[in-house]
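Position 1 is the first residue of the sequence, and the numbers go up from there. Quantities reported herein were computed from a predicted structural model and do not represent experimental measurements.
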Amino acid sequence: ADMNTLYEYSVFFLNTVGGKAYLLRRESRVRILLTYYAILILDRANEQHLNRHGADISPHLTLLVNDIKRYKGLDHKERYLAQLGEIEKRNRR
């Protein structure tokens, strides 16, 4: 999929009632991973100046970091947390 399509889905999942409802109906691991990749896509959109909806990932970062820390049995947990930490540092500027 192209970046524009990925961006639109990411904004949908993180910033609309329908998207949030969809995520809440999924198993925790699926919800965490979908949210993680949506944040990565929005972070890339910010870097490439493609965030035309002005979606803010900051509130989602905090919630996702807490979800990942609490979730047991998630493979590559430390890698996800490290990547989110890098995104948090960039977004504080």
Side-chain angles (χ1 to χ4, degrees):
D2 66 70
M3 183 62 179
N4 287 327
T5 302
L6 294 172
Y7 170 79
E8 291 297 331
Y9 274 106
S10 296
V11 170
F12 170 75
F13 284 130
L14 296 179
N15 293 314
T16 68
V17 173
K20 290 176 184 181
Y22 177 86
L23 290 175
L24 288 172
R25 289 192 306 265
R26 303 297 135 219
E27 175 192 353
S28 293
R29 183 173 24 144
V30 172
R31 179 180 44 78
I32 286 170
L33 291 174
L34 279 170
T35 303
Y36 173 77
Y37 285 106
I39 287 172
L40 290 185
I41 291 162
L42 288 178
D43 181 56
R44 183 170 294 162
N46 283 333
E47 288 178 346
Q48 297 175 359
H49 307 289
L50 300 174
N51 188 354
R52 65 184 165 277
H53 298 304
D56 181 12
I57 60 175
S58 300
H60 306 291
L61 278 168
T62 304
L63 292 172
L64 182 60
V65 166
N66 290 334
D67 279 352
I68 290 174
K69 286 179 179 177
R70 281 194 308 267
Y71 191 78
K72 305 286 185 238
L74 183 65
D75 292 339
H76 312 295
K77 179 186 277 197
E78 295 308 316
R79 188 182 315 161
Y80 296 135
L81 291 172
Q83 182 69 45
L84 293 171
E86 291 298 315
I87 293 171
E88 279 181 316
K89 285 181 197 168
R90 279 197 301 278
N91 278 278
R92 274 191 227 123
R93 292 184 205 153

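Across Ser10 and Ala38, no two heavy atoms sit closer than the pair OG-CA, 3.4 Å. Between Leu50 and Met3, the shortest heavy-atom contact is CD1-CG, 4.0 Å.
Neither Val30 nor Tyr37 shares a network with the other; the hydrophobic side chains, linked directly or stepwise wherever heavy atoms of I, L, V, M, F, W or Y lie under 4.5 Å apart, form separate groups for each. Leu33 and Ile57 fall within the same hydrophobic cluster, defined by Ile, Leu, Val, Met, Phe, Trp and Tyr side-chain heavy atoms under 4.5 Å apart, directly or through other members. In this structure, Ile32 is not a member of the same hydrophobic cluster as Leu63, with clusters built from ILVMFWY side-chain heavy atoms closer than 4.5 Å. Hydrophobic clustering places Leu61 together with Tyr36 (ILVMFWY residues linked when any side-chain heavy atoms are closer than 4.5 Å, directly or through intermediates). Residues Phe13 and Leu84 fall into different hydrophobic clusters, defined by Ile, Leu, Val, Met, Phe, Trp and Tyr side chains chained together at heavy-atom separations under 4.5 Å.
Around the CZ atom of Arg26, the shell of radius 6.0 Å holds more than 12 heavy atoms that belong to other residues, nucleotides or ligands. In Phe12, the CZ atom is crowded: over 12 heavy atoms of neighbouring residues, nucleotides or ligands sit closer than 6.0 Å.
For the pair Arg79 and Gln83, the minimum side-chain heavy-atom distance is 4.5 Å or more.
Leu14 pairs in a side chain to side chain contact (heavy atoms under 4.5 Å, CB included) with only one of the listed residues (Thr35, Leu34, Asp56), which is Thr35.
To the nearest 0.5 angstrom, Asp67 atom CG is 7.5 Å from Ser28 atom OG. The CD atom of Gln48 lies 10.0 Å from the CG atom of Asp43; values are rounded to the nearest 0.5 Å. A distance of 8.5 Å separates CZ in Arg31 from CG in Leu64, rounded to the nearest 0.5 Å. Separating the CD1 atom in Ile39 from the CG atom in Asn46 is a distance of 11.5 Å, to the nearest 0.5 Å. Residue His76 holds its NE2 atom at 12.5 Å from CD1 of Ile68, rounded to the nearest 0.5 Å. His60 NE2 to Leu42 CG: the interatomic distance, rounded to the nearest 0.5 Å, is 7.5 Å.
Under a cutoff of 6.0 Å and an axis angle of 45°, Arg25 and Tyr22 do not form a cation-pi pair.
Using bins of under 30°, 30° to 60° and over 60° for the plane-to-plane angle, the ring pair Tyr7/His53 lands in the parallel bin.
Of the charged side-chain nitrogens involved, none lies within less than 4.0 Å of a carboxylate oxygen, so that Glu47 and Arg44 do not count as a salt-bridged pair.
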Residue pair Arg52, Asn4: steps toward the side chain to side chain contact (heavy atoms under 4.5 Å, CB included) verdict: CA-CA 10 Å; Arg52 65 184 165 277; Asn4 287 327; 3.5 Å; yes
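Although no hydrogens or angles enter the test, the distance criterion places a donor-acceptor pair under 3.5 Å between the side chain of Lys77 and the main chain of Tyr71.
In this view, Glu78 satisfies the salt bridge (charged side-chain N to carboxylate O under 4.0 Å, His left out) rule with no residue, not counting sequence neighbours. For Asn66, the side-chain hydrogen bond (donor to acceptor under 3.5 Å, both in side chains) criterion is met by no residue, not counting sequence neighbours.
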